Amino acid sequence: SVMARLFIVALFAAALSAVAEFINVPLPAAPQLQWQDNDIMALIHFNMATFFKNGDPGCDVSNWNAKPAASSNPASFAPTHLNVTQWIDSMLHLGVKEGVLTAKHGCGFLLWPSKTTLPSGDPYAYHVDESLNVLQQFSDAMSKAGLGHGFYYSLTNNFYLNVFGHYVKNSTLLPGQIKVSQTEFEAIALAQLTELWTEFGNLTEIWFDGGYTTDMKDKLTTLLASRQNSAIGFNGGGISANPARWSATEGDVPPCGSGTPRRTGQCPDVWSTACCDTCWGAGNVPEDCLPGAVPRFYPSGTDYTLQSGDVWFWEPAPQTLRKRDELISTYHATVGHNTVLELDFAIDRTGQVEASHAKLYKQFGDFIQSCYKTDAQIVAAGYTLNHAQTGDQRRHRMHLSLRDAAGTDRQSATPEAYSIIDRVVLRENQTGGQLVRAYMVQWSGDGGRTWQTFSSGASIGNKRIDILPGAMTYNVTDLKLEITCVTTCAGVHLAALRPCVRWTRSRSWAPRTSA
């Protein structure tokens, strides 16, 4: 019966959790698994810097009191045709499930009419007008579209309050800057975060760009737990129940982290776990953590710009955009290596996604949909089965026949029929933690009489995409997958795919093909 099957699944999950705890394998929270499964999210940059220059902060001595427009003047934030629904059109074309908006960036300007006050008792007046509550429009539109929404609030810089690198600077103030102490700055930030995490519904992700200071940790932890306990905390290790970590790159793919060897033409193994709250980069398996370290499930995300270079806020011509092929290569090196791609949406000065940006989002989304979201691309797929165990390691194997699945690609071979493939997609069930420690995919073109290595690696996690280099394809009759786990795995899904629309790889990248 259905109830009996559900009972068996529940027992299996409980057993996995018990085993994982025994061997110190960190378990994920449900929001972390959902965040990984989303693959791509929109990291939306729209704030005072949009109207002056890209940067953190985009406000500086050259523009703070400039004439005729000053970045110190809240009225300088003046989108002429603000249309959040138009942003969402591009998100849907790209296929994202959530977006995070810069509620406060380095200038200190707020995209909502805050009620917080300065130490003098005067209002914190550096924010949008009551009639232009961008965060409310954003939250309402995203919810209506069925998309998750979240906010970026920088605790690192606040030019309005003369804060840089988390700390108030003892320097001469420019006209319009406000003198505060470190304690007063932190109190203002906590008051604004209280509004931000209270007034705009359930948030799916909260960005702590640059992290947080230790003296704010306890208060942030309490506030986050009481207001947004289900939100992903990006760079929120130590304060969030659902932390995600930065991959230690902003567009430099593959996402190699500190301590991870950079191999020519190969992305590293990126793990869903890490050994500490500030262990950015590719992560570590628990077995590699130093004595005394507490491993934690801490999935990886890479933030990446659509505009060429490290340009996050919209810039006019001659600023250029990346090529579609570059985005595709980045997708494979991030999403295809167990990393969420946090792709920038730079809203222009009208308050919309510029037409050239919208066109590129759609082209990129069309590729992802046609290559990885279309059933017709899948030649064959299946799950691993447990066949043997040795000591503390468990080996799982599976066999896929592509002869019966060849369909329209079926070719006459001697004596077998084969399918033409150029990539495989592997996905690990991480409910009981990330347990796979090694995998190998082998292929045969003669019905299983001889075998060669298609790809191999260590980490699978949420998703691993292995593609043959260049325009290479294999005529395959059979595939085999063998995985080695730290304990009994919950299963790995393997799919063999037909060649996608070809592109020019803009980076040297290929799967590991040695045995």
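Keep in mind it's a predicted model, so treat the numbers as computed, not measured.
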Let me see the working for L481 and H493 under side chain to side chain contact (heavy atoms under 4.5 Å, CB included), right down to the final yes or no. CA-CA 10 Å; L481 169 64; H493 185 265; over 6 Å; no

List the steps and the verdict of side-chain hydrogen bond (donor to acceptor under 3.5 Å, both in side chains) for T273 and Q434. CA-CA 8 Å; T273 52; Q434 187 179 8; 4.6 Å; no

Do R437 and E287 come close enough that some side-chain heavy atom pair is under 4.5 Å? yes

Does a donor on one side chain sit under 3.5 Å from an acceptor on the other, for Y383 and R427? no

All pairs passing salt bridge (charged side-chain N to carboxylate O under 4.0 Å, His left out) where residues 330-343 contributes a residue, at least two apart: none

Aromatic centroids of F46 and F345 separated by under 6.0 Å: no

Considering residues at least two apart in sequence or located in another chain, which fulfil the ring pair (Phe, Tyr, Trp, His ring centres under 6.0 Å) criterion with H166? none

Working note: T198 + E195, criterion side chain to side chain contact (heavy atoms under 4.5 Å, CB included); need CA distance, chi angles, decisive distance, verdict. CA-CA 5 Å; T198 303; E195 289 184 346; 6.0 Å; no

Which heavy atom in F367 sits nearest to a heavy atom in C500, and how many Å separate them? CE1-CB, 4.1 Å

Passes salt bridge (charged side-chain N to carboxylate O under 4.0 Å, His left out), K104 versus D209? Steps please. CA-CA 11 Å; K104 187 204 79 69; D209 193 13; over 6 Å; no

Quick one: do V486 and V25 satisfy side chain to side chain contact (heavy atoms under 4.5 Å, CB included)? Show the steps, please. CA-CA 9 Å; V486 71; V25 172; 4.0 Å; yes

Where do D344 and Y361 come nearest, in terms of heavy atoms and distance? O-OH, 2.5 Å

Are F454 and W443 near enough that their ring centres are under 6.0 Å apart? no

Is there side-chain contact between L479 and V441, with heavy atoms separated by less than 4.5 Å? yes

Run the side-chain hydrogen bond (donor to acceptor under 3.5 Å, both in side chains) test against E199 and tell me which residues pass, sequence neighbours left out. none

Where is the tightest heavy-atom contact between H149 and F200, given as atom of each residue plus distance? NE2-O, 2.7 Å

is_close_aromatic(H105, Y152), centroid dist under 6.0 Å: yes

Would Q136 and W112 satisfy side-chain hydrogen bond (donor to acceptor under 3.5 Å, both in side chains), going step by step from the backbone distance to the final call? CA-CA 8 Å; Q136 194 63 62; W112 80 101; over 6 Å; no

Nearest atoms (heavy-atom pairs only) where Y331 meets K463: OH-NZ, 4.3 Å

Can you classify the ring geometry of F151 versus F138 as parallel (below 30°), tilted (30 to 60°) or perpendicular (above 60°)? tilted

With rounding to the nearest 0.5 Å, note down the distance linking CZ in R296 to SG in C275. 8.0 Å

Decide yes or no on ring-ring contact (aromatic ring centres under 6.0 Å, His included) for F208 and Y153, but give the supporting numbers first. CA-CA 6 Å; F208 298 94; Y153 182 102; 9.1 Å; no

If you measure from OG1 on T339 to CG on N462, what distance do you get to the nearest 0.5 Å? 9.5 Å

Looking at M48 and C107, what are the two nearest heavy atoms and their distance? CB-SG, 4.1 Å

Looking at the rings of Y298 and W271, which for Trp means the six-membered one, are their centres under 6.0 Å apart? no

Do S272 and Q36 have a side chain donor and acceptor closer than 3.5 Å? yes

Please step through side-chain hydrogen bond (donor to acceptor under 3.5 Å, both in side chains) for the pair Q192 and S114, ending with a clear verdict. CA-CA 7 Å; Q192 291 175 352; S114 173; 4.7 Å; no

For a side chain to side chain contact (heavy atoms under 4.5 Å, CB included) check, start with the C-alpha distance between I40 and V335, then their side-chain angles and the critical distance, and finish with the verdict. CA-CA 8 Å; I40 304 180; V335 174; 4.2 Å; yes

Test item: E428 side-chain N/O and G491 main-chain N/O as donor-acceptor pair under 3.5 Å: no

Can you tell me how far the CG atom of L426 sits from the CD1 atom of I483, to the nearest 0.5 Å? 9.0 Å

Would K169 count as a cation-pi partner of F164, with NZ or CZ less than 6.0 Å from the six-membered ring centre and within 45° of the ring normal? no

If only side-chain N and O atoms count, and only distance matters, is there a donor-acceptor pair under 3.5 Å linking N235 with W207? no

How many angstroms lie between atom CE of M142 and atom CG of L147, to the nearest 0.5 angstrom? 4.5 Å

Under a 3.5 Å threshold, yes or no: a donor from one side chain and an acceptor from the other, between T305 and R322? yes

Show me the donor-acceptor pairs within less than 3.5 Å that the side chains of residues 214-226 make with the rest of the protein, sequence neighbours left out.
residue, atom, partner, partner atom, Å
D215, OD1, T213, OG1, 2.6
T221, OG1, K217, O, 2.8
T222, OG1, D218, O, 3.1
S226, OG, T222, O, 3.2
S226, OG, L223, O, 3.0

Separation between NE2 of H399 and CZ of R397, rounded to the nearest 0.5 Å: 13.0 Å

Does R227 have any salt bridge (charged side-chain N to carboxylate O under 4.0 Å, His left out) partners at least two apart in sequence or in another chain, and if so, which? none

Heavy atoms, side chains only, cut-off 4.5 Å: are W314 and N54 in contact? no

Do side-chain atoms of E184 reach the backbone of S181 as a donor and acceptor pair under 3.5 angstrom? yes

Output every pair passing side-chain hydrogen bond (donor to acceptor under 3.5 Å, both in side chains) with a member in residues 155-165, not counting sequence neighbours, ordered by first then second residue. D56-N157, Y124-N158, N162-S171

Is the shortest side-chain heavy-atom distance between T204 and V100 below 4.5 Å? no

Residue from D303, T278, T302 passing side-chain hydrogen bond (donor to acceptor under 3.5 Å, both in side chains) with W246: D303

Looking only at side chains, do W312 and D310 share a donor and an acceptor under 3.5 Å apart? yes

Donor-acceptor pair between D466 and S455 side chains, under 3.5 angstrom: yes

Decide yes or no on salt bridge (charged side-chain N to carboxylate O under 4.0 Å, His left out) for K97 and D37, but give the supporting numbers first. CA-CA 10 Å; K97 300 296 192 298; D37 190 56; over 6 Å; no

For Q182 and E186: C-alpha separation, side-chain torsions, deciding distance, then whether side-chain hydrogen bond (donor to acceptor under 3.5 Å, both in side chains) applies. CA-CA 6 Å; Q182 184 67 26; E186 292 177 1; 3.0 Å; yes

To the closest 0.5 Å, what do you measure between CG (L94) and CD1 (I88)? 13.5 Å

